[in-house]
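So you know, we letter chains A, B, ... as the sequences are listed, proteins then strands, and number each from 1. Heavy atoms only: backbone and side chains are in, while hydrogens, waters and symmetry mates are out.
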There are 2 protein chains.
Amino acid sequence: MERTYSISDLAREFGVTPRTIRHYEDEGLLSPARDGQRRIYSARDRTRLALVLRGKRLGFSLAEAKEIIDLYAAPQGEAGQLRTMIGKLDEKRAVLEDKRRDLETSIANMDRYAERCRERLAELEADAREAAD
Amino acid sequence: MERTYSISDLAREFGVTPRTIRHYEDEGLLSPARDGQRRIYSARDRTRLALVLRGKRLGFSLAEAKEIIDLYAAPQGEAGQLRTMIGKLDEKRAVLEDKRRDLETSIANMDRYAERCRERLAELEADAREAAD
DNA sequence: GCTCAAGTTTACGTTAACGTAAACGTCAAA
DNA sequence: TTTGACGTTTACGTTAACGTAAACTTGAGC
């Protein structure tokens, strides 16, 4: 018996609205089980939701997030399927790597700039101490 | 005499349309000089555009990109201004750092998964060779 | 003087990603 | 048994980030 979640359980946990989660289902990103009308989310559903939201934070559209996430769920039966999957994984990995480079330049630039600010502030404070004497 | 750029120069270089660049101006992200009606972009304008586009690739909205970029252009006259600027820089840096963590987990997970795919493929190919004997 | 490529403004259109409201079902607690 | 709290579907509304079209100007080349 695995643990399950209601839609508002997940909404609370991830800081989104139930509407958002239903929207992801409309877009084919989630397909929870049902108890009558009610949606029942499994641990796998929860993981998929987490992946979607992480994708969004990294600047992917829902469609792009779906492409990536569906790779993890695809059947890996025969060798041909495995080879195309590995190819697609390499593509997506390259995109992520590009973003990482962008991100690292951004952080490095920001750090350099912040450092210059701190130096300038230190000078100003030294001047202020001199003037106080 | 610094080099300048027309709107379509920049559009070509960065793979966007002139409309996009004008839109960024409407949103206060760029403010090129003018020769009559015509927009003239300086090297600084070009850099700002590059920063905007990088921000977008990393999942920031235009408003968020503006917040960050404006920090770099803000006056750093007195000590108080410098201190608030350093504070804001630290905030933004934390956001970037979060994204980096997200990104690195994503890449690591993808690598692990791809590795499992490669192993599985190797097994299948070994089986195929055995069967051929 | 004409043409044409590239620029301009103005304004309405479009798409993604939800928000919001209405109208309804359901079930446990008071 | 009625009242919430939570769920559902349906459908129209909204915002960001441009696309697209129209109508106009302007400078370079023929």
Side-chain angles (χ1 to χ4, degrees), chain A residues 3-42 45-46 48-70 92 95 99 102, chain B residues 1 3-43 45-46 48-70 92 95 99 102:
Chain A
R3 166 143 198 217
T4 64
Y5 309 83
S6 76
I7 195 167
S8 50
D9 285 342
L10 294 186
R12 250 189 309 275
E13 176 176 358
F14 291 103
V16 299
T17 69
R19 174 66 174 98
T20 296
I21 300 183
R22 288 193 198 102
H23 180 61
Y24 294 167
E25 182 175 348
D26 287 343
E27 299 295 310
L29 290 159
L30 299 171
S31 39
R34 297 269 180 156
D35 170 25
Q37 293 253 80
R38 287 184 142 70
R39 279 166 251 255
I40 310 271
Y41 296 86
S42 68
D45 293 326
R46 199 187 89 124
R48 279 185 74 100
L49 176 56
L51 288 178
V52 173
L53 294 174
R54 194 163 68 194
K56 289 223 61 193
R57 285 196 301 271
L58 295 177
F60 291 104
S61 69
L62 292 184
E64 291 167 327
K66 181 174 160 54
E67 276 188 52
I68 297 180
I69 296 172
D70 282 349
K92 304 300 181 187
V95 176
K99 290 204 188 227
D102 272 344
Chain B
M1 279 298 176
R3 158 130 209 230
T4 65
Y5 309 83
S6 77
I7 195 167
S8 49
D9 286 343
L10 293 186
R12 249 189 310 276
E13 175 175 359
F14 290 104
V16 299
T17 69
R19 174 68 175 96
T20 296
I21 300 183
R22 289 193 198 103
H23 180 62
Y24 293 168
E25 182 174 350
D26 288 342
E27 299 295 312
L29 290 159
L30 299 172
S31 39
R34 297 270 179 156
D35 170 25
Q37 292 252 80
R38 287 183 142 69
R39 279 166 251 253
I40 310 272
Y41 296 87
S42 68
D45 293 325
R46 198 187 90 123
R48 278 185 74 99
L49 176 56
L51 287 178
V52 173
L53 295 174
R54 193 162 71 194
K56 287 223 64 191
R57 284 197 301 274
L58 294 177
F60 291 105
S61 70
L62 293 184
E64 291 168 327
K66 181 173 159 56
E67 277 187 52
I68 297 180
I69 295 171
D70 282 349
K92 306 298 179 186
V95 176
K99 291 203 188 229
D102 273 344

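For the pair A/Lys99 and A/Phe60, the cation-pi criterion (under 6.0 Å, within 45° of the ring axis) is fulfilled.
By the side chain to side chain donor-acceptor pair (under 3.5 Å) test, A/Lys66 is found to be paired with A/Asp70, residues two or more places apart in sequence or in another chain being considered.
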Report task. Between protein and nucleotides 6-22 of chain D, map the contacts as a letter string: B base, S sugar-phosphate only, - none, heavy atoms under 4.0 Å, written 5' to 3'. Result -> BSBB-B-----BBBB--

Query raised in the report: Can you check salt bridge (Lys or Arg N to Asp or Glu O under 4.0 Å) on B/Glu25 and B/Arg34, steps first, answer last?
Result: CA-CA 13 Å; B/Glu25 182 174 350; B/Arg34 297 270 179 156; 3.2 Å; yes

Requested in this report: Please assess B/Lys92 against B/Glu64 for the test salt bridge (Lys or Arg N to Asp or Glu O under 4.0 Å), listing each intermediate value before the final yes or no.
Outcome: CA-CA 10 Å; B/Lys92 306 298 179 186; B/Glu64 291 168 327; over 6 Å; no

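Remark: side-chain polar atoms of B/Ser8 are not paired, donor with acceptor, to backbone N or O of B/Ala11 under 3.5 angstrom.
Regarding B/Asp35, its CG atom lies at a distance of 8 Å from the P atom of D/dG27, rounded to whole Å.
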